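First the structure, in the form of structure tokens, and then the observations on it.
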Amino acid sequence: MCNQAADPEILLAWYDIHARDLPWRVPPGADLRADPYAVWLSEVMLQQTTVAAVRKYFLDFTDRWPTVSDLAAADDDAVMAAWAGLGYYARARNLLKCARVVARDLDGRFPDTEAGLRDLPGIGPYTAAAIAAIAFERPATVLDGNVERVMARIHAVEAPLPGAKETLRGLAAALTPAARPGDYAQAVMDLGATICTPRNPACGICPWRQPCRARDLGIAETLPRKTPKAAKPVRRGIVYFAQRSDGAVLLERRPDKGLLGGMLGLPGGPWAEGEIVAAPPLEADWQITAGAVRHTFTHFHLILDVAMAPVDEGIEALTGRFFTPEEAGPDDLPTVMRKAYQFAAGQHRPSKVPKTDIA
DNA sequence: GATCCGTGGAT
DNA sequence: TATCCAAGGAT
């Protein structure tokens, strides 16, 4: 009943042995300074995104753009294409903005304080604290989904998120040590990712099992509680796949704001509940496959009709321009557009279309 | 504070 | 199949 308080040093000792091997991470005890650029890039990529998904993007980015100044000098289109498939595309736009501020105004060096970092595009409270702690050894309080879950459990906080967030932040701050704050931040997140998982937490091997109040109460797996989310509505839309005999396909750059902002996509109309209304981008013999692509975004389901037509070379479109496969292909598009592109192209090569992508 | 913004894996 | 969820930020 009288639990001892959770001890950061016990967690650090666990981390010294069990730290995950991640490409952007300096292992504990290596006595090396983490590269702020690598920390920043990885943390932005990891926002609401799994380690498994980030890994190859991080390696690709650091291979092509080894420093923040290299990234700042990159073409927007190249960066957006490299980000394609990772999601939350505002991150890529802000990544470039941030890199250019750092390269141009800060001599290529990231600010070494939480407040200084927080002022940069795409860096919010979490990312500022993470970079300050991991790259600059500042005792910043890192509060992400992992830390929220671990704090809610060891303190048995039953109030639901997001309302309980500031309570959890206070508990996390009280526990943050002055020594090894970077390792500590990564240790709590590793713990949440590998032991104190949302479902089936491995309490039996948890270094903090002794002080964990939720474990005592038998409610660890039920925490943190969350207020229910609204159901996703179904929206419908259409995209137009116009292809020339040389293989070039009509694509358009989407506006910076809004869904899939700044990314290339197939032209089409707005996506909405109810009837589909969208004029084709050019006159052609359109063949429509209804409901060809289904895709679920954060807050709605999409059923997308795909219209296809062969067109003559030299034809002019009302929007966008024709891209040869060498200029831009499905891999350069956000996933829903990649599905539509591959569906249409796959009418000639069915093996290219994954079965699960098609209604 | 509420809403918008992607994706893929696990269950 | 449906739902949840992940190292969140901007508005």
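Order of the sequence lines sets the chain letters (A, B, ...), proteins ahead of strands, with each chain counted from 1. Not measured: the values here are computed from a predicted model.
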Hey, does the side chain of A:Arg93 come within less than 4.0 Å of B:dC5's phosphate (OP1/OP2), counting only N and O?
no
Rounded to the nearest 0.5 angstrom, the CE-CZ distance for A:Met263 and A:Arg253 is 7.5 Å
5′-ward residue of the pair A:Leu260/A:Ala52 relative to DNA chain B
A:Leu260
On the nucleotide C:dG8, are OP1 or OP2 found under 4.0 Å from the side-chain N or O atoms that A:Gln48 carries?
yes
CE of A:Met263 versus C1' of B:dC5: gap in Å, rounded?
13 Å
Return yes if the base of C:dG8 and the side-chain atoms of A:Tyr126 contain a donor-acceptor N/O pair under 3.5 Å, otherwise no.
no
Want to settle it: does A:Arg91 or A:Lys232 sit nearer the 5' end of DNA chain C, counting the closest nucleotide to each?
A:Lys232
With a 4.0 Å cut-off, would you call A:Asp332 and A:Arg338 a salt bridge?
no
What's A:Thr296 touching, base or sugar-phosphate or nothing? Going by heavy atoms closer than 4.0 Å.
base
Given that A:Glu166 and A:His299 both sit by DNA chain B, which one's nearest nucleotide is further toward the 5' end?
A:Glu166
For A:Tyr89, does the six-membered ring have the charged nitrogen or CZ of A:Arg93 within the cation-pi criterion, i.e. under 6.0 angstrom from the centroid and within 45° of the normal?
no
Rounded to whole Å, CG of A:Asn94 lies from P of B:dC4 at a distance of 19 Å
Rounded to the nearest angstrom, tell me the gap between atom CZ in A:Arg199 and atom P in B:dG9.
15 Å
From CH2 of A:Trp83 across to P of C:dG9 the rounded distance in Å is 12 Å
May I have the distance from A:Lys229 (atom NZ) to B:dG1 (atom P), rounded to whole angstrom?
18 Å
For C:dA6 and A:Lys226 - does any side-chain N or O of the residue sit under 4.0 Å from the phosphate oxygens OP1/OP2?
yes
Whole angstrom value for the distance that separates C1' of B:dC5 from CH2 of A:Trp271:
12 Å
Assign A:Gly163 to base, sugar-phosphate, or nothing according to its heavy-atom contacts below 4.0 angstrom with the strands shown.
nothing
Tell me which nucleotide among B:dG8, C:dA6, B:dG6 gets nearest to the side chain of A:Leu259.
B:dG6
Please determine whether any donor N or O and acceptor N or O are separated by less than 3.5 Å between the side chain of A:Thr49 and the base of B:dG6.
yes
For the pair made of CG in A:Asn200 and P in C:dC4, what is the distance, rounded to whole Å?
17 Å
Donor-acceptor pair present, A:Thr298 side chain and B:dG6 base, under 3.5 Å:
yes
How many Å lie between CD on A:Glu43 and C1' on C:dG9, as a whole number?
14 Å
Indicate whether OP1 or OP2 belonging to B:dT7 is found under 4.0 Å from a side-chain N or O atom of A:His295.
yes
Give the minimum heavy-atom separation between A:Asp70 and A:Pro66, together with the two atoms involved.
OD2-CD, 3.1 Å
Could you check A:Lys257 against A:Asp144 and say which one's nearest nucleotide on DNA chain C is further toward the 5' end?
A:Asp144
Could you give the distance from CD (A:Glu221) to CG (A:Asn200), rounded to the nearest 0.5 Å?
5.0 Å
Using OP1 and OP2 only, check whether a side-chain N or O of A:Thr50 sits under 4.0 Å from C:dC5.
no
Does any nucleotide pair with C:dT11 by Watson-Crick or G-U wobble geometry, both distances under 3.5 Å, and what is it?
B:dA2
Which part of the nucleic acid, if any, lies within reach of A:Arg149 when heavy atoms closer than 4.0 Å are counted: base, sugar-phosphate only, or nothing?
sugar-phosphate
Classify the nucleic acid contact of A:Pro162 as base, sugar-phosphate or nothing, counting any heavy atom under 4.0 Å across all strands shown.
nothing
Per atom distances to the A:Thr335 side chain, the nearest of B:dT7, C:dA10, B:dG6 is B:dT7
Checking all strands, does A:Leu143 fall into the base, sugar-phosphate, or nothing category for heavy-atom contacts under 4.0 angstrom?
nothing
Between C:dT11 and B:dG6, how many Å separate the two P atoms, rounded to a whole number?
14 Å
Side chains of A:Arg138 and A:Thr113: closer than 4.5 Å at any heavy-atom pair?
yes
Taking A:Arg180 first and then A:Asp16, would you say they form a salt bridge - that is, a charged N and a carboxylate O separated by under 4.0 Å?
yes
Please determine whether a side-chain nitrogen or oxygen atom of A:Tyr88 lies at a distance below 4.0 Å from atom OP1 or OP2 of B:dC4.
no
Would you indicate which nucleotide in B:dG6, C:dC4, C:dG9 comes nearest to any side-chain atom of A:Tyr89?
B:dG6
Just to be sure I understand the rule, does A:Leu86 reach a base, reach only the sugar-phosphate, or reach nothing, if contact means heavy atoms closer than 4.0 Å?
base
